[in-house]
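Some notes on the structure that comes next.
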Amino acid sequence: VQLQASGGGLVQPGGSLRLSCQARGFNSDYYSIGWFRQAPGKEREGVACIGTGAGNTHYSDSVKGRFTISRDRMKNTVSLQMYSLKLEDTAVYYCATDFERHCGDTLLKYSYAMDYWGKGTQVTVSS
């Protein structure tokens, strides 16, 4: 099982970025995938997850309405489209999968229980 996050970069406040999480070695359609982030000096924060059922997505309050998580089943990827980026969105972003838990507030809150993690991608929001 491998996950690889990509798409990070430097963007101005109010800008957009699209992160991608490539899954390898398993069919990600069957499992919950989450996006998490960690800023320097701060605890890791769950921002969004997508489950296996249609429309099963969940967002943290800090990104709700600005971020959209989606699957590309053909490519076995999960994307995080980020709009209206703020300075406080600056962090290393990670994707992870959980083979048992459903997407929801608990999955985002207890990130330590995720089964597999990919290497992160840096997102820097700066003017």
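Along the sequence shown, residues are numbered consecutively beginning with 1.
- With a 4.5 Å cut-off on side-chain heavy atoms, L10 and S126 count as touching.
- The shortest side-chain heavy-atom distance between R71 and I33 falls under the 4.5 Å cut-off.
- The shortest distance between side-chain heavy atoms of M114 and F36 falls below 4.5 Å.
- Taken from CD in Q2 to OG1 in T97, the straight-line distance is 13.5 Å, to the nearest 0.5 Å.
- Under the 4.5 Å side-chain heavy-atom criterion for Ile, Leu, Val, Met, Phe, Trp and Tyr, V63 and L108 are members of distinct hydrophobic clusters.
- Within the model, atoms OG1 of T90 and NZ of K42 stand 9.5 Å from one another, a figure rounded to the nearest 0.5 Å.
- Rounding to the nearest 0.5 Å gives a distance of 8.5 Å between CD of E43 and CD of Q38.
- Taking D89 as the reference, R37, R66 meet the salt bridge (charged side-chain N to carboxylate O under 4.0 Å, His left out) condition, with sequence neighbours excluded.
- Between the side chain of Y59 and the main chain of I69, a donor-acceptor pair closer than 3.5 Å is present.
- A heavy-atom distance below 4.5 Å is found between the side chains of L85 and L17.
- Counting all heavy atoms, side chain and backbone alike, G46 lies closest to S60 at O-CB, 3.4 Å.
- Checking S28 against N76 by side-chain atom types alone, a donor-acceptor pair falls below 3.5 Å.
- A donor-acceptor pair under 3.5 Å is absent between the side-chain atoms of T121 and the main chain of S6, judged by distance alone.
- A cation-pi arrangement is absent between R44 and W35, since the terminal nitrogen or guanidinium carbon is not both under 6.0 Å from the aromatic centre and inside a 45° cone about the axis.
- Distance alone, capped at 3.5 Å, is enough to place a donor-acceptor pair between the D115 side chain and the F99 backbone.
- Among residue pairs with one or both ends in residues 73-126, those qualifying as disulfide (SG to SG under 2.5 Å) are C21-C95, C49-C103; sequence neighbours excluded.
- Between F67 and S84, the closest side-chain pair of non-hydrogen atoms is not below 4.5 Å.
- Side-chain contact between K86 and V125 is absent, with no heavy-atom pair separated by less than 4.5 Å.
- When each of S70, S16, S20 is checked for a side chain to side chain contact (heavy atoms under 4.5 Å, CB included) with Q81, only S16 meets the rule.
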task: Show your working on side-chain contact (heavy atoms from CB on, under 4.5 Å) between T52 and D29 and close with a plain yes or no.
output: CA-CA 6 Å; T52 57; D29 287 356; over 6 Å; no
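- Checked against the 6.0 Å centroid threshold, F26 and Y116 do not count as a close aromatic pair.
- The closest side-chain donor-acceptor pair between E45 and S62 falls under 3.5 angstrom.
- No side-chain heavy atom of L107 sits under 4.5 Å from any side-chain heavy atom of H58.
- Residues Y94 and M82 do not share a hydrophobic cluster, defined by chaining ILVMFWY side chains whose heavy atoms lie under 4.5 Å apart.
- In this structure, K109 places its NZ atom where only 12 or fewer heavy-atom neighbours from other residues, nucleotides or ligands lie under 6.0 Å away.
- In terms of heavy atoms, E100 sits closest to D98 at N-OD1, 2.8 Å.
- Two residues are said to be in side-chain contact when any heavy atoms from C-beta on lie closer than 4.5 Å; V123 and V92 fail this criterion.
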